[in-house]
Protein chains: 2
Amino acid sequence: MRITVHDIARVANVSQATVSKVLNNYSGVKESTRKKVSEAIEELKFTPDSVARSMVTNKTNTLGLIVGDISNPFFAESAKIIIGKAQEQGYDVIISNTDHDDENLENAIQTLISKRVDGIIISSISRTSIRIKKLHDAGFPVVLYNSRVESDSSNSVVLDNYKGAVLAVDHLVELGHESIAFIAGPTKYLTTYERYAGYEAALKNRGLVLNKEHVYDGEYDYEKVYDFSYNLLSDPDRPTSFFATSDQMALAVMDAAASRNIKIPDELSVVGFDNMNISANQYIGLTTISQQKENMAELALKKLINLIVKKDPHPVSAELTLEPELIVRKTTSTPNKIILERRGYNGT
Amino acid sequence: MRITVHDIARVANVSQATVSKVLNNYSGVKESTRKKVSEAIEELKFTPDSVARSMVTNKTNTLGLIVGDISNPFFAESAKIIIGKAQEQGYDVIISNTDHDDENLENAIQTLISKRVDGIIISSISRTSIRIKKLHDAGFPVVLYNSRVESDSSNSVVLDNYKGAVLAVDHLVELGHESIAFIAGPTKYLTTYERYAGYEAALKNRGLVLNKEHVYDGEYDYEKVYDFSYNLLSDPDRPTSFFATSDQMALAVMDAAASRNIKIPDELSVVGFDNMNISANQYIGLTTISQQKENMAELALKKLINLIVKKDPHPVSAELTLEPELIVRKTTSTPNKIILERRGYNGT
DNA sequence: CTGAAAGCGCTTACAG
DNA sequence: CTGAAAGCGCTTACAG
């Protein structure tokens, strides 16, 4: 049924070996035979079988991309860039979605490896994972995207998350906010962990106290964050601002505020983290910390490809850290004086 | 280096064939030898090579998913569902992003097939494409997701797009709008083509005239739609409402309106199409037509799997059509009387 | 410049 | 219940 190099060889009256040589554009094939073979390929509409080729070359030209949640636009947008760049280099990408579950992650790695992908980009991995070290030590190409692990041996590209959080908090404080709730997300990730540290430090540095009841450190779950925010916003003594560790979570906060009919930014300021495309939409206009995802995604892919083709056997800096940037839009402003006074504050 | 069935066979003192049998859980293996083999597998931490297995079984357990733009949340959310359901059934999925370009699409199909994926779901394909018919006739499992092709032979699951558009227009008309701009998108897709037809018919049916200058039928490009809307909104005689053929495009319209400081819905009504997750966010509250993506995605995957395992050799209905549903939220309202009067309308 | 042969790591009849 | 052998469709030394 399927047509193979053998068929081409027969039709072109050459050996399989020569067919293979023209298929791979090797030099050292007489022009006339190359032509014969090409014509046979054309005639039989032959396309070589990648699986068979992978079997012998030990390359599949496919990459794995493991994300916590592909429906989070930050990941979808990152994926788009990674897929695009990968395609340019001749790689396809298998996407695994873990729903932020460690067991799913482990399974994903397992099957990707058994499918012999040439390398993996992982974007949501617990900071205590030792899996990465094993892969790294085994020489398997892995790079962490917007993730890092505490055991040192790994290649990663991340933002300076600590600094990013400080930027966000400072912005709010400078606007006059003294009560800043925090959607921290799960601290099992080093990124969120460091943002939490940044939040804590910035508060302390500004002489503000951290109110644990104003911090959500549960899982990444839209509904749960919505509920947390919704409840917190019923408090007469509610925070005047929220800092969320992702734009997606910031949107959940805004969703909750809207359903309580609380106006943003007049009655509540919100800052996110990621700068996903939609945040720039002027109808939404979310103030946020840019993750530089174009850069980050491109660097991660480049790093991975280098690892694969071994151009970069001893990468100078295994860990790349990008600079965060505060992008002020329209979800933040000075806290509403009237509300504050009603609550007994006396301005600043 | 790599450890193989051969190694296991040696350690367990059996043949490769029996190793294979326990690997595949075949019956007819003595319990004691099964145990010996299992222990050897355990001991050497062996995981079978999927590539080699695919070579002989003619199955890769991987699917292809081709989308026009994975960064459009509608596609990302659909992908999440498809990937999740696929994983449940033991399939991984390679995602190809075409940027709505026909040549990219063709290349994607090509490489997916040479990688021997077991089946493909295509979500953005030109209605005049003859590629699908060829694949279909060759017996290759393909299902179209939210897409259909004019040549009949294909498996697809789509919404009744014509009716969806009628629903959207009727809603606006019933609210009192007489001037409804339309972001149609490229009419090369049957979905958008049919929505255009629905828009046209509904207008006619309501005795309204279609103003070609109020219709955007260019490519899916956020910037271009933004510009189109921005320009149209400068017109003193501008439309009082927009119907967009996707939520993503509706967002672009809202973006443009916001930058012109035009209030939604007071001064402009907007209805989208898709009902992506974020549209339900109450801060955004986009009125839209639901595509039932959960249903659609699940059905598409099920259809594909059936095609693959041939449980469904003669699918009763090759084309599945779902019912659209209007979801009214807060981006639509009656047209602002003051504005209308200022423009010389005299109410209704 | 060309081809015969071996091999990648599995599974599948088939014989015993 | 078990194993020897062939084969999936390529590529890669190697010999000529």
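Naming: A, B, ... by sequence-line order, numbering from 1 per chain.
Residue A/S54 is classed as having no contact, given no heavy-atom separation below 4.0 Å to the nucleic acid. Across all strands, A/T33 comes closer than 4.0 Å only to sugar-phosphate atoms, never to a base (heavy-atom distances).
Using modelled atom types, one finds no donor on one side chain facing an acceptor on the other under 3.5 Å when comparing B/N61 with B/R53. Side-chain polar atoms of A/Y145 and A/S78 form a donor-acceptor pair below 3.5 angstrom. A donor and an acceptor atom, one from each side chain of A/S156 and A/R148, are located under 3.5 Å apart. B/T60 and B/S54 share no donor-acceptor pair across their side chains, judged by distance under 3.5 Å alone. Side-chain contact check for B/S15 and B/T18: at least one donor-acceptor pair (N or O, by modelled atom type) lies under 3.5 Å. A side-chain donor-acceptor contact under 3.5 Å links B/N97 and B/D99.
Although no hydrogens or angles enter the test, the distance criterion places a donor-acceptor pair under 3.5 Å between the side chain of A/T33 and the main chain of A/K30.
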B/S/- along nucleotides 3-13 of chain C (protein heavy atoms under 4.0 Å) is BB--BBBBBB-

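Annotated stems with DNA chain C as a participant read C:1-3 with D:14-16, C:5-12 with D:5-12, C:14-16 with D:1-3, given as range with range, by first number; only runs of 3 or more Watson-Crick or G-U pairs under 3.5 Å qualify.
Applying the salt bridge (Lys or Arg N to Asp or Glu O under 4.0 Å) test to every pair with at least one member in residues 57-67 of chain B, sequence neighbours left out, gives these pairs: B/K59-B/D118.
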